[in-house]
Number of protein chains: 2
Amino acid sequence: MARAATTSDVFNAIAERQRRQILVLLRAGERPVAELAHELGMTQPGASKHLRVLREVGLLKERKAGKQRLYRLDARGLRPVHEWTGGFEQLWNERFDRLDAYVQDLKHARREE
Amino acid sequence: MARAATTSDVFNAIAERQRRQILVLLRAGERPVAELAHELGMTQPGASKHLRVLREVGLLKERKAGKQRLYRLDARGLRPVHEWTGGFEQLWNERFDRLDAYVQDLKHARREE
DNA sequence: TTGACATATTCCGATATCGGCATATGATTG
DNA sequence: CAATCATATGCCGATATCGGAATATGTCAA
């Protein structure tokens with residue numbers, strides 16, 4: 001066996017810088033492919049591929065408008081990621097404060113020897 | 001060119017299921033490698049590799065304890081991910097409510113034709 | 001020092017990924 | 001219909017990934 005699929009998994013979909021940039025751009029509203037490609041300095045096929053991945057994990061919706069296809073953000077899929085990381089919030093606040101305190105204690109103890 | 005590096009990027013590090021499971025387990029406190037491997041049903045080398053990736057992106061700290069190496073969570077690196085996804089919070093709440101309303105309107109309009 | 005234990009590293013094969021390029025599909029206009 | 005514009009898809013090469021197996025490294029204990 002080899003690797004986990006990138007599609008059908010939001011965590012993998014947003015692991016790519018350019019895809020994250022696409023999502024950020026689309027926060028301002030729907031846009032056509034060529035515009036996204038241009039603003040992010042990538043080729044049109046490149047943009048289309050990333051858009052496909054994002055669409056397949058449900059983060060994007062597509063809408064036809066004449067020759068263009070307008071992509072729109074559906075941010076709901078990001079919520080699980082937000083919540084998962086949120087499950088560590090206590091730790092990145094509290095626990096390392098405790099560690100700092102512990103380190104401080106060590107320094108004091110050493111100084112007193 | 002080919003791909004972005006998995007290491008030196010927290011988004012990529014947590015894109016892997018097993019690595020996420022490791023982080024969850026370590027929320028309860030530091031643990032030796034073999035224990036993690038056993039609880040997650042993976043081989044020892046497999047665990048070591050994932051631990052390495054997590055350590056290299058700064059999510060894990062290592063501590064020697066006799067023959068063992070205890071891995072401890074440093075969740076601070078997850079904060080950027082939490083904040084990045086949090087930047088979409090308005091959207092996954094508000095904007096799709098509006099869309100739903102819009103869709104409802106369409107249905108109504110069609111029914112009245 | 002030797003042996004046993006815990007972990008890390010290396011090598012391998014299968015596969016997935018990304019970017020580039022060429023081309024196919026689809027829609028609009030004349 | 002033909003031409004054009006917008007986008008998607010297919011193929012390719014380079015490389016990264018994951019899992020497995022074997023082996024190396026490191027640490028303790030007798």
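Letters A, B, ... mirror the listed sequences (proteins, then strands); counts begin at 1. These values consider heavy atoms only, across backbone and side chains, with no hydrogens, waters or symmetry-generated copies.
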Worksheet item: A:L70 CG to D:dA6 P: how many Å, rounded?
Response: 13 Å
Worksheet item: In whole angstrom, what separates B:E62's CD from C:dT7's C1'?
Response: 9 Å
Worksheet item: Do the side-chain N or O atoms of A:Q18 get closer than 4.0 angstrom to the phosphate oxygens (OP1, OP2) of C:dG19?
Response: yes
Worksheet entry | Approximate separation, where rounding is to 0.5 Å, of A:L51 CG and A:L36 CG | 6.0 Å
Discussion item. Can you tell me if B:Y71 touches the phosphate of C:dA6, counting only side-chain N or O atoms and a distance under 4.0 Å to OP1 or OP2?
Written reply: no
Worksheet entry | Terminal axes of the helix from C:dT1-D:dA30 to C:dG30-D:dC1 (five pairs each): angle between them, nearest 10 degrees | 10°
Worksheet item: Which part of the nucleic acid, if any, lies within contact of B:E35, taking any heavy atom under 4.0 Å across all strands shown: a base, the sugar-phosphate backbone alone, or nothing?
Response: nothing
Worksheet item: Would you find a donor on one side and an acceptor on the other, under 3.5 Å apart, between the side chain of B:R20 and the backbone of B:A15?
Response: yes
Discussion item. Output the rounded distance in Å from CD1 (A:I22) to C1' (D:dT7).
Written reply: 14 Å
Practice prompt. Could you note down all residue pairs passing ring pair (Phe, Tyr, Trp, His ring centres under 6.0 Å) where residues 10-69 of chain A supplies at least one of them, sequence neighbours left out?
Written response: A:F11-A:W84
Worksheet entry | Nearest-Å distance for atom pair CG/P, residues A:L51 and D:dT9 | 11 Å
Item to complete: Using side-chain contact (heavy atoms from CB on, under 4.5 Å) as the criterion, list what pairs up with A:P32, not counting sequence neighbours.
Response: A:E35, A:Q68, A:L70
Worksheet entry | salt bridge (Lys or Arg N to Asp or Glu O under 4.0 Å) partners of residues 36-46 of chain B, not counting sequence neighbours, each pair once | B:R31-B:E39
Worksheet entry | Selection from D:dC18, C:dT9, D:dA8 that lies nearest to any side-chain heavy atom of B:R52 | C:dT9
Discussion item. Give me each pair satisfying salt bridge (Lys or Arg N to Asp or Glu O under 4.0 Å) with a member in residues 80-90 of chain B, each pair once, sequence neighbours excluded.
Written reply: B:R79-B:E83
Discussion item. Quick check on D:dG19: is either OP1 or OP2 less than 4.0 Å from any side-chain nitrogen or oxygen of B:H50?
Written reply: yes
So which protein nitrogen or oxygen atoms get under 3.5 Å of nucleotides 23-29 of chain D's nitrogens or oxygens?
none

Worksheet item: Quick one: B:I14 CD1 to D:dT17 P, roughly how many Å, whole number?
Response: 16 Å
Worksheet, complete the sentence: Nearest-nucleotide check on DNA chain D, A:Q68 vs A:K49; residue mapping nearer the 5' end is A:Q68
